[in-house]
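Working notes for the structure below.
One is the number of the first residue; the rest follow in order along the sequence. First listed ligand is number 1; within each ligand, the first listed atom is number 1. Just so we're clear, the structure is a prediction, and the values are computed from it rather than from any experiment.
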Amino acid sequence: MYGAEKPSGDSERTAFRRAEKKYKLYYDDRSLKSSRKKKQAKPVDVSDVIDFKAIAAAHERGGELPVGVAAAPCGFRRPMFCLEGRPGFYFIPGALSLEEQCQWMRESLLSFPQPPNRTNHNAIYGPLQDLFAAAKERKVLVKDESDGDHPTWKFVDEAEVPLRGNGCTSCPASALLRKLRWSTLGLQFDWSQRNYDVSLPHNKIPDALCQLAKRLATPAMPQGEEFRPEAAIVNYFASGDTLGGHLDDMEADWSKPIVSMSLGCKAIFLLGGKTRQDDPIAMFLRSGDVLLMAGEARECFHGVPRIFTDEDSAEITPLELHFSNQDDCFLQEYLRSSRININIRQVF
Ligand code: OGA
Ligand code: MN
């Protein structure tokens, strides 16, 4: 999984790669050359991107569904949609309420990156406690060399950062928060081996997330069986970040769905076929949308080539208001330029 194609000449020729390039963020050259102008994103043609929110709204008014799209009741706030030619793929627009989006966004930043859960920062700094709080309090991560054999990293107040030239290495917590790319819950996924490492210490997936995932997974589960959430990967995207085309193939039973929740800024999701040569289907993913991928859809390449952080396209205003009511400017600020994806898996 996550085996993004190497950018060799050949890989550019796959249909999946072409679609990634089509939707990826590019900046307008003129805005890059001028030091005064704000960097402007180049306009992107989204006329081929499926908009399930609009489809759901038209469907509720009794309108017809586009060719290749089918609707089914699923017991959530909105109907669920399936795609012809992609059995096992389900899209539930607006499955999560604003309160739920708020709750999981908060947990994704405050509690999911906490040890023993690992993040992309582990490999360099070891386990980091309270990254979000440290960023909010403008702390700085510094290397503590008092135990010469085992240097560790700790957060200190700005004023306590040793002056440069003392061999001190440091990094502002806010920069580390910006560079947070993933955290893993439950059974820990080992990115270097690209497999689950059951020997790594871990906590169970929090009960509330477990219950939610079980409920969301129901429409994609074989009759009479219950989904067992054993691991989750949380992806954090900043403007310009992408998730390359990949398969999630390290779980034993592909008849079980991956439950994938979107939070924050709007994104484009590409659902390819079983090879990278198949033309992918592009669709918008908004905060609160849920995807299920089970059965044959588990064999389909997929990825996220684009997130939209500009005010008009991000579609996060209600969520932003929620955080301003809760007096949480720091979370609100993070949300304005970010997207979070929580995907929950049954491993065995
Ligand atoms: C993944 C994944 C999709 C998303 O983490 O495996 O496919 O919407 N995420 O971010
Ligand atoms: Mn995936």
Side-chain angles (χ1 to χ4, degrees), residues 1-5 16 19-20 23-25 49-50 52 86 88-96 101 104-105 108 112 117-120 180-191 194-196 205 209 213 216-217 220 229-251 254 256-274 276 280-309 314-315 338-347:
M1 70 178 269
Y2 294 91
E5 281 175 282
F16 202 95
E20 286 178 324
Y23 293 116
K24 195 182 135 158
L25 171 68
V49 182
I50 300 183
F52 281 107
R86 295 291 191 283
F89 178 82
Y90 306 87
F91 194 115
I92 316 171
L96 304 176
Q101 294 168 46
W104 296 114
M105 181 110 200
S108 297
F112 295 165
N117 296 345
R118 290 171 325 130
T119 76
N120 54 302
L180 181 64
R181 281 296 268 131
W182 55 262
S183 63
T184 43
L185 316 185
L187 282 177
Q188 296 291 293
F189 192 79
D190 180 341
W191 293 88
R194 293 171 60 229
N195 209 340
Y196 291 96
I205 295 202
L209 185 60
L216 291 168
E230 289 163 332
I233 298 178
V234 187
N235 294 305
Y236 306 81
F237 297 80
S239 176
D241 286 345
T242 61
L243 178 61
H246 66 278
L247 292 177
D248 300 294
D249 51 6
M250 289 303 154
E251 295 76 24
W254 291 10
K256 303 297 182 299
I258 287 185
V259 178
S260 177
M261 316 186 339
S262 286
L263 304 166
C265 291
K266 191 170 80 183
I268 291 179
F269 181 81
L270 292 177
L271 176 66
K274 294 184 186 177
R276 293 185 193 267
I281 301 169
M283 60 194 85
F284 287 120
L285 272 179
R286 295 177 172 86
S287 198
D289 290 347
V290 167
L291 292 184
L292 306 174
M293 283 184 278
E296 283 194 43
R298 293 282 312 244
E299 299 170 52
C300 292
F301 283 90
H302 59 275
V304 179
R306 179 71 181 262
I307 81 159
F308 296 94
T309 54
E315 299 191 35
S338 313
R339 166 179 190 262
I340 296 179
N341 165 253
I342 307 176
N343 60 85
I344 304 149
R345 299 127 186 263
Q346 176 167 334
V347 178

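The distance from ligand 1 to the heavy atoms of R339 drops below 4.0 Å at these ligand atoms: 4 (C), 8 (O), 10 (O). Close approach to L243 involves these atoms of ligand 1, each under 4.0 Å from a residue heavy atom: 1 (C), 2 (C), 3 (C), 5 (O), 7 (O), 9 (N). Contact atoms of ligand 1 toward D248: 6 (O) (distance under 4.0 Å to a heavy atom of the residue). Interface of N235 with ligand 1, defined as ligand atoms under 4.0 Å from a residue heavy atom, comprises 1 (C), 5 (O), 9 (N). Ligand 1 places these atoms under 4.0 Å from at least one heavy atom of L285: 8 (O). For ligand 1, the atoms closer than 4.0 angstrom to any heavy atom of H302 are 7 (O).
Considering backbone and side-chain atoms alike, R345 places an N or O below 3.5 Å from some N or O of ligand 1.
Within H246, the N, O or S atom lying nearest to the Mn ion (ligand 2) carries the name NE2. Among the heteroatoms counted here (N, O or S) of D248, OD2 is the one nearest to the Mn ion (ligand 2).
By the 4.0 Å N-to-carboxylate-O rule, K274 lies close enough to E296 to be salt-bridged with it. Of the charged side-chain nitrogens involved, at least one lies within less than 4.0 Å of a carboxylate oxygen, so that R345 and D248 count as a salt-bridged pair.
Within the 3.5 Å criterion, the main-chain N or O of I268 finds no donor-acceptor partner in the side chain of R306. Formation of a donor-acceptor pair under 3.5 Å by the H302 side chain with backbone atoms of F269 is not found in this model.
A donor-acceptor contact under 3.5 angstrom links the side chains of Y236 and S183, judged on distance only.
Proximity of F237 to ligand 1 is established by a heavy-atom distance of less than 4.0 Å.
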